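To find a chain, count down the sequence lines: A is the first, B the second, and so on, and within it residues start at 1. Computed from a predicted structure; not experimentally measured.
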Protein chains: 2
Amino acid sequence: MDAKERLIESARELLWDRGYVGMSPKAIQDRASAGQGSMYHHFENKEALALTAIERSTEELYQAAKNDLASPHTAIERIAAYLKRERQVLRGCRAGKLTQDPDVMANPKLRRPLQKMFTRLQQRLARVLEEGKMTGEFEPTMGAKDIAATVIAVLQGAYVLARAENSVEPFDRAIRGVLFLLEAQTPPLRPKRKGLRNRT
Amino acid sequence: MDAKERLIESARELLWDRGYVGMSPKAIQDRASAGQGSMYHHFENKEALALTAIERSTEELYQAAKNDLASPHTAIERIAAYLKRERQVLRGCRAGKLTQDPDVMANPKLRRPLQKMFTRLQQRLARVLEEGKMTGEFEPTMGAKDIAATVIAVLQGAYVLARAENSVEPFDRAIRGVLFLLEAQTPPLRPKRKGLRNRT
DNA sequence: GTCTATAATTCGATAGAC
DNA sequence: GTCTATCGAATTATAGAC
């Protein structure tokens with residue numbers, strides 16, 4: 001791994017753990033085993049390096065979500081797969097944390113990739129929910145865009161609760177809770193029509 | 001308002017907007033129109049002042065939630081009142097934001113009031129949900145502690161979405177979504193028994 | 001490409017006058 | 001109680017040698 005690559009990965013880790021305000025060029029260089037000259041040769045400044053790091057992280061997160069939500073199962077199963085995927089809960093969300101960083105939010109360049117990721121994520125999830133309505137998994141009156149926002153919010157908020165209590169328990173409770181509410185949408189008398197997704 | 005009080009309020013605002021890592025003693029003093037001597041006379045250091053500020057904020061937030069959840073209505077109405085209360089959405093949550101701050105989370109003294117607040121909030125909400133189960137508003141199989149975590153997570157996550165998109169719309173969608181899911185818990189054939197709460 | 005030297009500014013605090 | 005002076009370290013670079 002060359003110096004430029006190490007600098008990007010170093011910045012990604014530091015943005016995750018300390019945010020943009022809490023990440024100094026010196027810390028980036030130390031973690032990357034690179035000197036100042038190296039860093040300022042590859043990147044104009046801290047902002048440019050952070051932008052590269054944030055773009056990589058948001059793309060990675062979106063692709064992972066897309067993968068969970070595309071698996072060949074029912075809508076509720078795909079959403080459950082997304083919500084129950086293994087995560088570094090106490091470390092928080094790479095993207096969500098940055099939305100709480102004042103210098104990121106005040107900087108349109110740095111905010112854009114975050115905005116894009118959360119918007120696309122909600123759109124994709126809403127599509128899965130619409131499919132679930134078609135197959136009878138969810139109530140026809142359900143607002144797919146609303147529930148998409150709710151589901152993503154639960155995940156983001158679950159990280160907050162876990163960090164506040166320094167435990168994964170509240171995270172797990174929040175996820176179990178929203179899955180219970182979603183599954184309760186399917187009345188027992190109206191059976192899930194698995195496989196209907198694959199009709200011609 | 002004396003200097004000490006102004007320093008506390010100044011710190012509260014800066015913690016809200018910039019977090020602990022992004023808040024300098026100089027900034028606190030400027031906002032409070034107080035000198036360095038004044039600040040270091042009233043508080044031992046930045047940490048001590050921040051602790052006082054955080055304790056005041058978490059207590060304020062808990063009392064406000066307690067008030068919403070205690071109003072004389074059904075369980076679902078009280079939860080709706082809590083979720084729909086007017087908030088400075090784009091500014092984020094005074095408490096939730098601090099759980100993403102590395103220096104707050106690494107410091108047990110500063111984390112304690114946050115942990116306490118989120119724990120008590122979940123307990124109080126769980127009690128309201130249990131009451132809702134008694135009155136038939138919610139399914140008897142519903143895990144009150146799970147749903148309590150879910151509801152608070154939605155609120156915290158809704159702030160994240162709003163800030164990411166720089167708009168209150170995703171916030172409102174997330175809240176509408178969770179209220180839809182909660183209200184769907186009450187089957188139309190099993191009418192809400194309003195007022196049952198007040199039985200002897 | 002990477003290194004070292006330099007630098008203006010800010011950070012977080014201390015000391016002592018008033 | 002509040003003010004000003006001072007301080008060592010860290011921050012965010014720039015300059016120029018190699």
Side-chain angles (χ1 to χ4, degrees), chain A residues 1-56 97-98 100-111, chain B residues 1-56 97-98 100-111:
Chain A
M1 201 158 64
D2 63 5
K4 183 173 181 178
E5 184 60 23
R6 289 202 311 278
L7 284 162
I8 297 171
E9 286 302 316
S10 172
R12 282 196 343 128
E13 297 299 291
L14 285 167
L15 282 170
W16 194 1
D17 290 332
R18 302 200 42 82
Y20 187 80
V21 273
M23 170 182 80
S24 71
K26 176 74 157 53
I28 299 172
Q29 295 149 24
D30 288 352
R31 219 177 205 282
S33 301
Q36 297 204 51
S38 182
M39 175 180 144
Y40 284 101
H41 168 74
H42 293 292
F43 299 95
E44 204 185 323
N45 48 31
K46 176 183 163 182
E47 181 195 353
L49 172 50
L51 178 57
T52 301
I54 292 173
E55 284 175 336
R56 180 177 294 185
K97 272 178 120 171
L98 293 178
Q100 309 297 317
D101 188 301
D103 291 353
V104 169
M105 289 300 102
N107 185 331
K109 275 189 208 166
L110 298 180
R111 189 183 59 222
Chain B
M1 200 159 62
D2 63 4
K4 183 172 181 179
E5 184 60 24
R6 289 201 311 276
L7 285 163
I8 297 171
E9 285 303 315
S10 171
R12 287 205 330 137
E13 296 299 292
L14 285 167
L15 283 170
W16 195 1
D17 289 332
R18 300 199 44 81
Y20 188 80
V21 273
M23 170 182 80
S24 71
K26 175 75 157 54
I28 299 171
Q29 295 149 23
D30 288 352
R31 219 178 205 281
S33 302
Q36 297 203 52
S38 182
M39 175 182 144
Y40 284 101
H41 167 74
H42 292 292
F43 300 94
E44 204 185 323
N45 49 29
K46 177 183 163 182
E47 182 196 353
L49 172 49
L51 179 58
T52 300
I54 292 173
E55 284 174 336
R56 180 178 295 185
K97 273 179 120 171
L98 293 178
Q100 309 297 316
D101 188 300
D103 292 352
V104 168
M105 289 300 101
N107 185 330
K109 274 190 208 164
L110 298 179
R111 190 182 58 224

Quiz item: Is there side-chain contact between R12(A) and L15(A), with at least one heavy-atom pair below 4.5 Å?
Solution: no
Quiz item: If you check the K46(B) side chain, which of dG12(C), dC3(D), dA13(D) turns out closest?
Solution: dG12(C)
Quiz prompt | Interatomic distance where CZ belongs to F43(A) and P belongs to dT12(D) [whole Å] | solution = 17 Å
Exercise. Take atom CD of Q29(A) and atom C1' of dT4(C), then tell me their distance rounded to the nearest Å.
Key: 13 Å
Practice problem: Measure from the side-chain heavy atoms of S24(B) and tell me the nearest of dT14(D), dC3(D), dG12(C). | Solution: dG12(C)
Quiz prompt | Length of the CD-P vector between E44(A) and dA15(D), whole Å | solution = 13 Å
Quiz item: To the nearest angstrom, how far is M39(B) atom CE from dT4(D) atom C1'?
Solution: 16 Å
Self-check item: Exercise: identify the closest heavy-atom pair between G19(B) and L98(B)
Solution: CA-CD2, 4.3 Å
Quiz item: Taking for each residue the nucleotide of DNA chain C bearing the nearest heavy atom, is the 5' side occupied by Q36(A) or by H41(A)?
Solution: H41(A)
Quiz item: What heavy-atom pair brings Y20(A) and V104(A) nearest, and what distance separates the two atoms?
Solution: CB-CG2, 3.5 Å
Exercise. Please report, rounded to the nearest Å, how far the P atom of dC11(C) is from the CG atom of L14(B).
Key: 11 Å
Please list, one pair per line, the donor and acceptor atoms closer than 3.5 Å that link side chains of residues 30-37 of chain B to other protein atoms, with sequence neighbours excluded.
residue, atom, partner, partner atom, Å
D30(B), OD2, K26(B), NZ, 3.1

Quiz prompt | For atom CG of D30(B) and atom C1' of dG12(C), their distance in whole Å | solution = 14 Å
Practice problem: Return the 5'-most residue of the pair K4(B), V21(A) with respect to DNA chain D, ranking by each residue's nearest nucleotide. | Solution: K4(B)
Practice problem: Could you state the atom-to-atom distance from CD1 of I28(A) to P of dA10(D) in whole Å? | Solution: 17 Å
Practice problem: Rounded to the nearest angstrom, tell me the gap between atom OH in Y40(B) and atom C1' in dA5(D). | Solution: 15 Å
Self-check item: Minimum-distance nucleotide (side-chain atoms of K26(B) versus dC11(C), dA13(C), dT12(D))
Solution: dC11(C)
Quiz item: Which of these nucleotides, dT2(D), dT14(C), dT12(D), is closest to any side-chain atom of H42(B)?
Solution: dT2(D)
Quiz item: Salt bridge or not for E9(B) and R6(B), using N-O below 4.0 Å?
Solution: no
